[in-house]
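Here the structure comes first, spelled out in structure tokens, and everything after it is commentary.
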Amino acid sequence: MNVARLISALVGACLSVVILIYLAVHFVSGYGDTIDTSFVSQITVEDKLEAQCYMLRHEAYVTSDVSGVLYYTVSDGERVRKNQTIADVFGSESDIAVQKQIEQIDRRLEILEESAVSDGYVTVSISKMDEDILDTILSANRHLAKEEYARAFSFSDRLLTSLNKRHLVINRQSGYDAQISRLEGEKQVLMGRLSQSAAYVTTKNSGFFSTEIDGYENILIPGILDNINVDGFFEVLSNAEKAPGNVVGKIITDYEWDIVALVDKKIAGDFAEGKSYDLYFPYSNNSRIPSCVLEKKIIQTSSDTVLLSFSASEIPEGFSYMREQMVEIVRSSDSGIRLPKSALRVIDGEMGVYVLSANTVKFKRIEILYTSDSFYLVNGIDEKDPLGIYDKVIVKGKDLYDGKVIS
């Protein structure tokens with residue numbers, strides 16, 4: 001056999017092997033059942049309308065006639081008592097810088113003092129302490145995921161205290177006496193540099209404190225809609241008062257608010273007076289105020305805007321006290337099973353899905369409650385064996401039928 005014939009024979013053998021492999025692969029892939037499945041879940045879908053809104057509430061100015069630099073001792077939105085100090089008045093900005101350093105030291109001292117452990121504490125399991133630390137981290141992360149940054153940050157002191165305790169237990173110590181002594185010395189030095197506070201600013205009312213002054217404190221109050229129409233409301237908005245020069249803040253004096261949303265007349269018919277609606281505030285930590293009653297719907301023939309006035313008596317923690325905000329009004333909500341669109345089948349005019357139970361295919365009928373870009377919200381309508389949240393629906397598969405056994 002010459003070289004040319006040998007090469008020809010080898011090439012022919014290789015081609016035969018390739019063809020056999022190709023045929024085998026296609027035979028196997030065509031023989032087996034290729035099925036993709038997905039577990040379904042129970043969800044609630046809310047139909048929300050976004051609108052501009054204004055807060056109507058009773059407010060009172062906080063004033064101070066003492067000249068100097070204000071240093072607020074309470075935060076915006078914080079609950080305050082009558083006659084409570086809400087600010088110190090210092091002579092200069094440098095005094096405020098010193099005061100901030102003193103407060104930082106006070107916070108560190110408080111953490112170190114709370115970190116001290118008793119003699120019996122060393123018997124505590126380190127693994128139990130680690131679990132508590134992990135729980136704190138997870139709690140903070142959950143609030144971060146919801147963009148509730150203030151609440152997430154509130155766990156920092158607790159976490160630091162737990163870590164300090166763990167350090168003491170491992171090293172068989174009872175406290176941080178040396179560090180506390182050093183910080184107290186630094187505090188005394190700073191207090192010696194601090195000028196005497198010129199005065200204090202106190203409240204005359206109890207309620208929620210805010211530094212935002214917008215000129216509507218005595219104008220946009222509950223009840224104003226009793227005597228004006230839509231045009232009248234816009235006229236009120238254009239006539240904000242100029243606050244007196246000695247105003248340094250305000251107190252929102254009660255929980256009863258009216259929330260006035262501006263909506264288009266074409267969709268105002270979706271809302272009924274006397275009915276309750278949930279309100280979300282996306283720019284206020286996505287705060288939710290549930291069950292707000294629509295007290296008044298003001299429609300004016302010559303205006304395309306309708307005023308919806310909701311009453312609210314529950315203000316959530318961390319709520320922004322801005323007068324004007326965006327609100328999302330929940331028009332309706334539906335609960336059901338979230339179904340991938342690729343799972344929907346129409347068999348003999350019946351809408352349903354194929355479910356894989358063990359190795360058997362079952363067809364279950366459904367009704368569609370809501371349609372989104374990527375999924376359906378559905379209910380199972382079979383009386384004996386309806387579609388449920390633990391079912392595994394088939395999202396991809398060929399030649400399927402009720403009762404088919406998948407090998």
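Worth saying up front: this structure is predicted, and the values here are computed from it rather than measured. Hydrogens, waters and symmetry mates play no part in the numbers below; they use all other heavy atoms, side chains included.
- At a cut-off of 3.5 Å, with distance as the only test, a side-chain donor of Thr211 or Asp76 sits close to an acceptor on the other residue.
- Taking the side chain as every heavy atom from C-beta outward, Ile35 and Leu400 approach each other to under 4.5 Å.
- A pairwise comparison of heavy atoms in Phe233 and Leu262 identifies CE2-CD1, 4.2 Å as the closest pair.
- Thr63 places no side-chain N or O within donor-acceptor distance of the main-chain N or O of Val247, the cut-off being under 3.5 Å.
- Here the side chain of Lys404 pairs a donor or acceptor atom with the backbone of Asp399 at under 3.5 angstrom.
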### Task
Evaluate side chain to side chain contact (heavy atoms under 4.5 Å, CB included) for Ser303 paired with Asn229, printing each intermediate quantity in order.
CA-CA 10 Å; Ser303 175; Asn229 57 14; over 6 Å; no

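- The number of heavy atoms from other shown groups lying within 6.0 Å of NZ (Lys204) does not exceed 12.
- For the pair Met322 and Asp214, the minimum side-chain heavy-atom distance is 4.5 Å or more.
- With respect to the salt-bridge test (charged N to carboxylate O, under 4.0 angstrom), the residues Arg331 and Asp47 qualify.
- Residue pairs meeting the ring pair (Phe, Tyr, Trp, His ring centres under 6.0 Å) criterion with at least one partner in residues 328-385, sequence neighbours excluded, are Tyr354-Phe363.
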### Query
Please walk me through it: do Tyr54 and Tyr216 pass ring pair (Phe, Tyr, Trp, His ring centres under 6.0 Å)?
CA-CA 10 Å; Tyr54 293 87; Tyr216 295 117; 7.3 Å; no

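- Nearest approach of Ile337 to Leu387, heavy atoms of both residues: CD1-O, 3.3 Å.
- Across all non-hydrogen atoms, the minimal contact from Val89 to Ser64 is CG2-OG, 4.5 Å.
- Between the CD1 atom of Ile251 and the CD atom of Glu217 there is a distance of 11.5 Å, given to the nearest 0.5 Å.
- Here the shortest heavy-atom pairing between Val293 and Ser276 reads CG2-OG, 3.6 Å.
- Taking 4.5 Å as the limit, every side-chain heavy atom of Leu49 sits out of range of all side-chain heavy atoms of Asp270.
- Checked for salt-bridge contact, Glu46 and Arg288 miss the test: no charged N lies under 4.0 Å from a carboxylate O.
- Counting heavy atoms from C-beta on, the side chains of Val306 and Val230 never come closer than 4.5 Å.
- At distances below 3.5 Å, not a single donor-acceptor pair connects side-chain atoms of Lys396 with backbone N or O atoms of Ser342.
- Between Arg365 and Glu350, at least one side-chain nitrogen of the basic residue sits less than 4.0 Å from a carboxylate oxygen of the acidic one, meeting the salt-bridge criterion.
- From Leu279, atom CG reaches atom CG of Leu294 across 9.5 Å, with rounding to the nearest 0.5 Å.
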### Query
Leu369 and Glu367: side chain to side chain contact (heavy atoms under 4.5 Å, CB included), yes or no, with the steps?
CA-CA 6 Å; Leu369 305 175; Glu367 63 174 349; 4.2 Å; yes

### Message
With side chain to side chain contact (heavy atoms under 4.5 Å, CB included) as the criterion, how do Arg338 and Ser374 come out once you've worked through the C-alpha distance, each side chain's angles and the decisive distance to 0.1 Å?
### Response
CA-CA 10 Å; Arg338 186 185 190 279; Ser374 59; 4.0 Å; yes

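- Enclosure of atom NZ in Lys82 is not indicated, since only 12 or fewer non-hydrogen atoms of other residues, nucleotides or ligands lie within 6.0 angstrom.
- The pair Asp226-Lys296 meets the salt-bridge criterion, with a side-chain N (NZ, NE, NH1 or NH2) lying under 4.0 Å from an Asp/Glu carboxylate O.
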### Step-by-step side chain to side chain contact (heavy atoms under 4.5 Å, CB included) determination, Val361 to Asp402
CA-CA 6 Å; Val361 176; Asp402 191 42; 5.8 Å; no

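- Considering only heavy atoms from C-beta on, Tyr277 stays 4.5 Å or farther from Leu308 through its side chain.
- Partners of Pro386 according to the side-chain contact (heavy atoms from CB on, under 4.5 Å) rule, which considers only residues two or more places apart in sequence or in another chain, do not exist here.
- Side-chain atoms of Ser320 never come within 3.5 Å of backbone atoms of Ser284 as a donor-acceptor pair (strictly under, hydrogens ignored).
- Of the inter-residue distances, the one linking Asp132 atom CG with Leu134 atom CG reads 9.5 Å to the nearest 0.5 angstrom.
- Here the side chain of Asp88 pairs no donor or acceptor atom with the backbone of Tyr200 at under 3.5 angstrom.
- Asp254 has its side chain out of reach of Pro222: every pair of non-hydrogen atoms, C-beta onward, lies at least 4.5 Å apart.
- Annotation for Glu235: atom CD does not count as buried by contact number, only 12 or fewer foreign heavy atoms lying within 6.0 Å.
- Ring orientation note: the planes of Phe281 and Phe319 are nearly perpendicular, at an angle over 60° on the 30°/60° scale.
- With Lys265 contributing its side chain and Gln300 its backbone, the two residues share a donor-acceptor pair below 3.5 Å.
- The backbone N or O of Glu212 lies less than 3.5 Å from a partner atom in the side chain of Lys250, making a donor-acceptor pair.
- Once rounded to the nearest 0.5 Å, the distance linking CD1 of Ile252 with OH of Tyr321 reads 6.0 Å.
- Here Leu307 contributes atom CG and Ile228 contributes atom CD1; the two are 7.5 Å apart, rounded to the nearest 0.5 Å.
- Within 6.0 Å of atom CZ in Arg81, 12 or fewer heavy atoms from other residues, nucleotides or ligands are found, so the atom counts as exposed in its surroundings.
- Taking the ring axis of Phe271 as reference, the NZ or CZ atom of Lys297 does not stay both within 45° of it and closer than 6.0 Å to the ring centre.
- The backbone N or O of His58 lies less than 3.5 Å from a partner atom in the side chain of Thr253, making a donor-acceptor pair.
- Taking both residues in full, the closest heavy atoms of Ile289 and Ala312 are given as CG2-CB, 4.1 Å, listed atom of the first, atom of the second, then distance.
- Between Thr85 and Val74, the shortest heavy-atom distance links the atoms O-CG1, 4.2 Å.
- In this structure, the separation between CG on Leu56 and CD1 on Ile219 is 11.0 Å, given to the nearest 0.5 Å.
- No more than 12 heavy atoms of other residues, nucleotides or ligands shown are found within 6.0 angstrom of NZ on Lys362.
- For the pair Ile224 and Asp258, the minimum side-chain heavy-atom distance is 4.5 Å or more.
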